[in-house]
Protein chains: 2
Amino acid sequence: MNEDWTKHIAADLPATARNGDQQIVDMIRQAVLTQRLPPGTRLPEVTLGNIFGVSRSVVRKALTRLVADHIIVQHPNQVARIAAPDIVETREIFAARRLVEGEIASLLAGKLTQTQRQKLASIIDEEQLAHRQGNEAKRVECSLAVHRYLADQSPNRVLGVMLTDLILRTSIVIALYKRAGMQACYLDHDHANLLQLLENGPADEACRRMRAHLSALEALLDLRAQETHIDLASILGVPGGASASI
Amino acid sequence: MNEDWTKHIAADLPATARNGDQQIVDMIRQAVLTQRLPPGTRLPEVTLGNIFGVSRSVVRKALTRLVADHIIVQHPNQVARIAAPDIVETREIFAARRLVEGEIASLLAGKLTQTQRQKLASIIDEEQLAHRQGNEAKRVECSLAVHRYLADQSPNRVLGVMLTDLILRTSIVIALYKRAGMQACYLDHDHANLLQLLENGPADEACRRMRAHLSALEALLDLRAQETHIDLASILGVPGGASASI
DNA sequence: AAAACAAACATTGTATACAGTAGAGGAACA
DNA sequence: TGTTCCTCTACTGTATACAATGTTTGTTTT
């Protein structure tokens, strides 16, 4: 299996030499957000250990934490992999995110500080610029930055970390289910409108707007029922045969 | 420091001999729920290892998972402890739980299966019986069971696990902030009323009811501002002195 | 007696060794 | 050709050793 994503990972952050496992967690999170680490990617412990120059103990701790975040999945005696949620879970992730991020928008609405206003405005400006210039990677990065900033600034920290997790999981399912030739999830002036409502609008209106934004995002994905549960018997024409599904 | 809670822990579950770390996680979770493991309790790795007959490796993994769940806190090179959230975080936990459990009530309202109806009714019956008999421990256990069952049965699994976590954290803060002589958080027929609304009522009414129930629970706690930020200068009567706070 | 220092102890952080399991490849067989 | 079995390799699960850090205790100093 091709494992040259390792180069991409090591390219990040200037070796801040933190607790070791925190560094690995951060790097993998970042790589997942920017879709350099696609769902299903194998993450062998020794490989990661070599990349970051630590032993399996440290890698193991990092993986355990990422499993808790639902970023990766681990089955006994098998290599850890980047999670690949099915369609049902994808819908659940979006529903949960609408609930949480809608509430955060509601909490923030009409209460933005000057700093927050400016920061959001600058991110959104940069996003629109990147879009006009056709710089897709940059645009996605800015789009993520908007939501991550809201999570960071949530007055309720508990909801804030929940949203941080959900944003990560959303990145994964977008990588999984984005339509082939789509304009990778760009929703024209949604973020600008959102900012307007966060500045002035009533709280419930900001909430509704946020939920609508996320629903629009979800609608851009290809979430038609997959070909799981293939009934061999029915396909092969055995009339009363026991249905064996894969 | 007194560490004889170890006996209580080992008393549980008939050594199901699971993955090892899963067993530790389950036991500690259970002990926290039933308040046998009060906030701030020290959890040295070797001690846990001896109790469960495993080495530090697997204890370590269990602790890492519990840290991710916000059940315990770990500072570098110091023993892990059961978390002890401050008042601000406590309020945030309740707010988050109102949001999530309210939504789950909403999703469930009017859609309960026969099995779910019966299960909930039987738990609530048992709870009221325990209350009449003055069996406080049993009553708390049943009360928890109601909410845990709702988390289990959440149609949205993502929200379900979120609620499971929040219930655990709620147990911790109740242990921390319950008023001295209080009738440990009993809200007369709240659960029975709730069940009624889950069976018939409109979804938004069930949601509002759930949120009110949780607010009532929070109101039973003693969440007055603690004596943090003690301003020594003002207490000691130094008029213009630099305020040194502990 | 209060404060500062130092040594002994308790506990965590990391690496490594060994055992056990899953999966890939190839040989034997029908 | 296709199937079964086996071995070999890659990987994870657990225990343990050693280093590094925090904490406590006792002793000295003022």
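Quick note on labels: first sequence line is chain A, next is B, and so on, each numbered from 1. Nothing here was measured: the structure is a model prediction, and the numbers come from that model.
Look at A/Gln78 and you won't find any side-chain N or O under 4.0 angstrom from OP1 or OP2 of C/dT21. Applying the 4.0 Å criterion to OP1 and OP2 of C/dT11, one finds that B/Arg42 has a side-chain N or O inside that range. Look at A/Ser55 and you'll find a side-chain N or O under 4.0 angstrom from OP1 or OP2 of C/dA15.
Rounded to an integer number of Å, the gap from CZ of A/Phe52 to P of C/dT14 is 15 Å. One atom, CD of B/Glu45, and another, C1' of D/dT14, lie 15 Å apart when rounded to the nearest Å. Note: CZ (A/Arg56) to P (C/dA19) measures 15 Å, nearest angstrom. In this structure, CD of B/Gln74 is placed 17 Å from P of D/dT21, rounded to the nearest angstrom. Across the protein-nucleic acid pair, A/Leu48 atom CG and D/dT12 atom P stand 9 Å apart, rounded to whole Å. What separates NE2 of B/His75 from C1' of C/dT12 is a distance of 14 Å, to the nearest Å.
Of the charged side-chain nitrogens involved, none lies within less than 4.0 Å of a carboxylate oxygen, so that A/Arg169 and A/Asp69 do not count as a salt-bridged pair. At a threshold of 4.0 Å, the pair B/Glu45-B/Arg56 counts as salt-bridged, since one of the basic side-chain nitrogens sits closer than that to a carboxylate oxygen.
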Run the side-chain contact (heavy atoms from CB on, under 4.5 Å) check on B/Arg65 and A/Thr64 step by step: do they pass?
CA-CA 7 Å; B/Arg65 291 179 53 187; A/Thr64 301; 3.5 Å; yes

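No hydrogens or angles considered: nothing links the side chains of A/Gln30 and A/Asp26 as a donor-acceptor pair under 3.5 Å. Judged by distance alone, the side chains of B/Lys61 and B/Gln22 never bring a donor and an acceptor atom under 3.5 Å apart. Inspection of the A/Arg97 and A/Thr170 side chains reveals an N or O donor paired with an N or O acceptor under 3.5 Å.
Taken together, the paired segments of DNA chain C that extend over three or more consecutive Watson-Crick or G-U pairs, each closer than 3.5 Å at both contacts, are C:1-30 with D:1-30.
When distances run from any side-chain atom of B/Ser57 to the nucleotides C/dA15, D/dT16, C/dT12, the shortest one goes to D/dT16.
Residue order along DNA chain C, read from the 5' end via each residue's closest nucleotide, puts A/Lys61 first among A/Lys61 and A/Asn77.
Minimum heavy-atom separation, B/Leu108 to B/Pro155: CD1-CD, 3.4 Å.
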